[in-house]
Participant: 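This is the structure, below, for whatever I ask next.
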Amino acid sequence: MELTNRHILLGVTGGVAAYKVAQYARELQRRGATVQVAMTEAATRFVGPVTFQALTGRQVYTDQWDSSVPNNMAHIELSRQADAIVIAPATADFLAKLANGLADDLLSTLCIARNCPLLVAPAMNREMWANPATQRNVARLIEDGIVMLGPDEGDQACGETGVGRMLEPEDLVEDTIAFFAPKALAGKQVLITAGPTFEPIDPVRGITNLSSGKMGFAIARACRQAGAQVSLIAGPTALPTPRAVRRIDVTTARQMFDAVQAALAAPVRTDIFIAVAAVADWRVANASDSKLKKTAGGQPPALQFAENPDILASVAARADAPYCVGFAAESEDLERNGQDKRRRKAVPLLVANIGHATFGRDDNELLLIDEDGSTKLSRDRKDALAARLAQEIARRLPPSD
Ligand code: C5P
């Protein structure tokens with residue numbers, strides 16, 4: 001998992017967004033992290049320490065003078081065990097303390113005594129965020145190498161709208177994973193197709209497939225976490241857009257083809273193309289502009305099919321082709337058929353799904369096939385597999401000029 005062996009000291013300060021941080025703590029653990037919570041006294045007014053204690057299975061520290069900690073040196077003990085400290089929510093007051101090196105309670109003392117990275121997720125009213133003092137403090141924190149997670153823009157608990165709200169827990173998790181992820185794709189431009197396509201029969205009917213888009217979206221997320229700029233061309237799916245990924249929605253294979261060509265024509269060169277979409281091989285050539293009607297005793301419609309363009313093969317055939325990665329769902333003799341498909345499409349790397357029951361699931365098992373043979377990525381969550389795949393792609397990239 002992406003956060004296995006990571007120990008995170010989670011500092012909760014006194015903002016209403018503290019209630020969302022319980023969910024964040026839970027998600028961090030689900031990704032393999034261990035979480036130790038420390039709270040300011042004000043934070044305990046919003047959420048009881050028992051909540052975090054129950055979620056993390058660890059004692060929650062709130063008091064600088066806690067005599068149950070060995071040597072009564074909680075600030076050193078707790079911060080020395082952590083791979084990172086994350087403060088969420090971080091109030092304007094706490095940011096001010098951090099910026100000025102104050103240490104008048106347990107959490108601020110932990111921060112100043114740390115020898116690990118510090119990440120902060122600000123949460124406050126928009127006027128408090130825009131206040132020159134807060135902005136000055138934030139600039140100072142960034143200068144000091146402290147990582148800012150957000151804030152986000154939108155509705156605020158006080159009823160106003162603007163910049164200052166805490167990132168949603170799932171975005172905080174993504175940014176935390178991104179912080180730890182090796183930046184193997186730093187500076188790379190990645191283009192990904194994902195999901196199914198939908199080929200109309202008439203204005204209300206069509207032909208599609210069971211692809212959920214989960215694997216392609218997970219790869220988009222993982223590439224961004226590995227430092228890449230990512231564009232994601234998605235067929236019809238209700239999945240949320242991964243953080244900081246540019247998404248273009250399409251419906252048909254031909255629209256997907258056009259969107260890919262347009263992305264490749266952009267002034268910024270695409271370094272890597274990953275074709276994860278389950279593109280329909282055929283479209284209905286005689287699709288009707290009006291809804292087909294069933295008439296009593298009438299004949300069912302006779303659909304004619306035309307072949308769709310092979311997006312991956314067309315990209316791989318370009319003189320300026322990016323590094324191309326294809327996907328395959330083969331049922332028999334995975335390695336031989338995969339190797340044949342890789343050569344046929346003229347791509348350096350083909351990723352075969354092991355078993356075909358992967359559609360819609362959250363886990364998968366992959367076989368990576370390149371000119372040297374094959375490597376298996378054993379069964380795991382799709383997002384963990386995607387992170388491993390991003391590293392495997394990075395390792396295979398030709399040296400850049
Ligand atoms: O030929 P097949 O559909 O098995 O190949 C699968 C690979 O080719 C996937 O990477 C898929 O995204 C890509 N593909 C494509 N355009 C098509 C058909 C498949 O890009 N029309």
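Note that ligands are numbered from 1 as they come in the structure, with each ligand's atoms numbered from 1 the same way.
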Participant: Considering heavy atoms of the protein only, find what lies nearest to atom 9 (C) of ligand 1 and give residue, atom and distance to 0.1 Å.
Facilitator: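 Of every protein heavy atom, Phe327 O, 3.1 Å lies nearest to atom 9 (C) of ligand 1.
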Participant: Check whether any N or O atom of Ile311, backbone or side chain, sits under 3.5 Å from an N or O atom of ligand 1, and answer yes or no.
Facilitator: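 Yes; the residue has a nitrogen or oxygen that sits under 3.5 Å from a nitrogen or oxygen of the ligand.
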Participant: Give the residue and atom name of whichever protein heavy atom lies nearest to atom 19 (C) of ligand 1, and the separation in Å to one decimal.
Facilitator: Lys345 NZ, 3.8 Å
Participant: So, Thr134 and Asn131: side-chain donor and acceptor under 3.5 Å apart, yes or no?
Facilitator: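 Result is no, nothing qualifies.
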Participant: State, without any angle test, whether Asp281 and Asn308 hold a side-chain donor-acceptor pair at a distance under 3.5 Å.
Facilitator: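 Per modelled atom types, Asp281 and Asn308 side chains form no pair under 3.5 Å.
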Participant: If we count only N and O atoms by modelled type, under 3.5 Å, do the side chains of Gln339 and Arg344 hold a donor and an acceptor together?
Facilitator: no
Participant: Output all residues satisfying salt bridge (charged side-chain N to carboxylate O under 4.0 Å, His left out) with Asp310, sequence neighbours left out; order by chain, then residue number.
Facilitator: Lys345
Participant: Do me a favour and list the nearest non-hydrogen protein atom to atom 20 (O) of ligand 1 with residue, atom name and distance?
Facilitator: Leu312 N, 2.8 Å
Participant: What residue and atom, counting heavy atoms only, is the protein's closest point to atom 10 (O) of ligand 1, and at what distance?
Facilitator: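 Sorting protein heavy atoms by distance from atom 10 (O) of ligand 1 puts Ala275 O, 2.6 Å first.
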Participant: Taking only heavy atoms of Gly326 into account, list the atoms of ligand 1 that are under 4.0 Å away from them.
Facilitator: 10 (O)
Participant: Between ligand 1 and Asn308, can you find any atom pair, the residue atom being a heavy atom, that is separated by under 4.0 Å?
Facilitator: no
Participant: Using a 3.5 Å cut-off on N or O atoms only, is Val279 in polar contact with ligand 1?
Facilitator: no
Participant: Would you check whether Ala253 reaches within less than 4.0 Å of ligand 1, judged by its heavy atoms?
Facilitator: no
Participant: Should Asp258 and Gln255 count as side-chain neighbours, where that means a heavy-atom distance under 4.5 Å?
Facilitator: no
Participant: Examine the side chains of Glu335 and Ser374 and answer whether a donor and an acceptor come within less than 3.5 Å of each other.
Facilitator: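 Distance-only check passes for Glu335 and Ser374.
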Participant: Looking at side-chain heavy atoms only, is the closest gap between Phe52 and Val47 below 4.5 Å?
Facilitator: yes
Participant: Assess, by modelled atom type and distance only, whether the side chains of Glu160 and Asn125 contain a donor and an acceptor separated by less than 3.5 Å.
Facilitator: yes
Participant: Which residue supplies the protein heavy atom nearest to atom 2 (P) of ligand 1, what is that atom called, and how far is it?
Facilitator: Lys341 NZ, 3.3 Å
Participant: Can Gln53 and Thr51 be counted as having a side-chain donor-acceptor contact under 3.5 angstrom?
Facilitator: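 On atom types as modelled, these side chains do not qualify, holding no pair under 3.5 Å.
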Participant: Can a non-hydrogen atom of Met256 be found less than 4.0 Å from any atom of ligand 1?
Facilitator: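 Judged by the 4.0 Å heavy-atom criterion, Met256 does not count as contacting ligand 1.
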Participant: Would Ala277 count as a polar contact of ligand 1, with the cut-off being nitrogen or oxygen pairs under 3.5 Å?
Facilitator: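 Yes, since at least one N or O of Ala277 sits under 3.5 Å from an N or O of ligand 1.
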Participant: Please report whether ligand 1 has a polar contact with Pro309, defined as an N or O pair separated by less than 3.5 Å (distance criterion only).
Facilitator: yes
